[in-house]
Novice: 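Next up is a structure, given as structure tokens.
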There are 2 protein chains.
Amino acid sequence: MSNEKGPDHSRRKERSRQAILTATRALVAEEAYEKVTVEAIAARAGVGKQTIYRRWPSKSAVVFAALLALSEDADGQSVALPDTGDLEADLKLVMRATAEEFADPAFDRLIRALNAEIANDAALAAEYREKLAQPLEEAKKARLRSAQEAGQLDADADLDLALEVLYAPLFRRWLHRSGPLTAAYADSLVDATLRAFGP
Amino acid sequence: MSNEKGPDHSRRKERSRQAILTATRALVAEEAYEKVTVEAIAARAGVGKQTIYRRWPSKSAVVFAALLALSEDADGQSVALPDTGDLEADLKLVMRATAEEFADPAFDRLIRALNAEIANDAALAAEYREKLAQPLEEAKKARLRSAQEAGQLDADADLDLALEVLYAPLFRRWLHRSGPLTAAYADSLVDATLRAFGP
DNA sequence: ACGAATCGATACGAACCGTTTCGTTTACTG
DNA sequence: CAGTAAACGAAACGGTTCGTATCGATTCGT
């Protein structure tokens, strides 16, 4: 094997790769998305534009990869929600934290950019679901299943549906800016979900 | 007054305006949104590009106006939901219809384009809420209020929240393509909402 | 020291945006 | 019917961005 291979230049590759992804995150977080151009990313990363196009086919793909790398940093330690046994308290904690996250301008711009790309690109949407959305949903579902087994949710409850009812209103309110994302709002979503799917 | 005014050229204006809006709708409905350019709209409408820029400041605004004109055609006859007295049946009818609407490819592309523009343009989002979303929401809320007065919903129920719980999951599932928009799914959203906000 | 992989930089064509310009058509007026 | 002014279609233009092509320099293993 060793005589089949040339020199290993993977360290260089990795360094420029990280520089590109870091620069992309910084740019998307700090300016309006329209101002994030491939050339700006290349300049910020101290990299030639072609080095970006050698790895990703489009700007969308770069932005997505930049976001994806974030969640893969926290690898191994698979996502898990708090489970104190008190479902209502646990969910309110999570929903309040999610609402606060959306209020952060940098995060806001990042996720808006991602959603805009996703809305018109089915392939990217599928990758988003598989690599970013699914793991989180599974973690939430695991928490609900635990509650269901403890008799805190109806035994026949559709947990996927419950998750949607819990989270989708928050997401929509954020995306359309149709109302404030307060802690009280987060709480009321938990309350409604528990009324709908409680025992 | 009459001697103060020159000739009235409003008929020409109106004709080209309609041609532009119609062409925009056709283009957005039939191709991917990236392929809809202002020049393509002008060509399809048989109109100079400048005639478009005389009226609207950007492509986003044109696309939005094209959509808005649709709902203003059905003017006067303000939106109203069926009210047979059977809340569950009425809501399931509406939610099933909404789910079907999203399944239409032309409508799908149109609304995706709108959402992509809205996601990164707060001003456009505000106009969207005011002119398109609000009237529909008010109609739905009126139906819920009628049910509330009939004792079919909890007297203290937050109707805005109930609407979000009812509709947001469908919207999110469509936007992220995270599942099929079946009649059974529409029904289960109504069921969940009624469990959460019923008496 | 040498060769191969990778790189940064730069020039380029194509597409699109939004502006400007210009000669023409349209609708009304006297 | 001739004159006027608003609105128009067409076309050219500068500016920006995308994605590609090219090339000499740098990095790494041998």
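Chain naming here is simple, since letters A, B, ... match the order of the sequence lines and numbering starts at 1 in each.
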Novice: Please report, rounded to the nearest Å, how far the C1' atom of D:dC28 is from the CZ atom of A:Arg15.
Specialist: 10 Å

Novice: Looking at B:Thr37, does any N or O in its side chain come under 4.0 Å of the phosphate oxygens OP1/OP2 on C:dC16?
Specialist: no

Novice: Which residues satisfy the side-chain hydrogen bond (donor to acceptor under 3.5 Å, both in side chains) test with A:Glu88, sequence neighbours excluded?
Specialist: A:Lys92

Novice: What pairs with B:Arg17 under side-chain hydrogen bond (donor to acceptor under 3.5 Å, both in side chains), at least two apart in sequence or on another chain?
Specialist: none

Novice: Looking only at the side chain of B:Glu39 (C-beta and beyond, no hydrogens), which of the listed nucleotides D:dC18, C:dC17, C:dC7 gets closest?
Specialist: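 When the side chain of B:Glu39 is considered, C:dC17 is the closest of D:dC18, C:dC17, C:dC7.
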
Novice: Please work out if A:Arg17 contacts a base, only the sugar-phosphate, or nothing of the nucleic acid, heavy-atom cut-off 4.0 Å.
Specialist: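 The residue A:Arg17 makes no contact with any strand.
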
Novice: Choose from D:dA7, D:dC18, C:dC17 the nucleotide whose nearest atom is closest to any side-chain atom of B:Lys13.
Specialist: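 Closest nucleotide among those given: D:dA7.
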
Novice: Can you list the residues that meet the salt bridge (charged side-chain N to carboxylate O under 4.0 Å, His left out) rule with B:Asp158, with sequence neighbours excluded?
Specialist: none

Novice: The criterion is salt bridge (charged side-chain N to carboxylate O under 4.0 Å, His left out); which residues satisfy it with A:Arg143, sequence neighbours excluded?
Specialist: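 Once residues adjacent in sequence are excluded, the partners of A:Arg143 under the salt bridge (charged side-chain N to carboxylate O under 4.0 Å, His left out) criterion are A:Asp83, A:Asp90.
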
Novice: Can you sort out which residues in residues 42-56 of chain B have a heavy atom within less than 4.0 Å of DNA chain C? Ascending by number, please.
Specialist: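 Of all residues in residues 42-56 of chain B, the ones placing a heavy atom under 4.0 Å from DNA chain C are B:Lys49, B:Gln50, B:Tyr53.
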
Novice: In whole Å, what is the span from the NZ atom of A:Lys59 to the C1' atom of C:dA15?
Specialist: 15 Å

Novice: Over how many whole Å does the gap from B:Glu14 atom CD to C:dA27 atom P extend?
Specialist: 13 Å

Novice: A:Leu27 CG to D:dT17 P: how many Å, rounded?
Specialist: 12 Å

Novice: Measure the distance from CD1 on B:Ile41 to C1' on C:dG18 and round it to the nearest whole Å.
Specialist: 13 Å

Novice: Write down the atom of B:Phe197, the atom of B:Ala162, and the distance for their closest heavy-atom approach.
Specialist: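 So the minimum-distance heavy-atom pair works out to CE1-CA, 3.5 Å.
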
Novice: Not counting sequence neighbours, which residues clear side chain to side chain contact (heavy atoms under 4.5 Å, CB included) with A:Leu93? List them please.
Specialist: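 Side chain to side chain contact (heavy atoms under 4.5 Å, CB included) check on A:Leu93 returns A:Pro82.
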
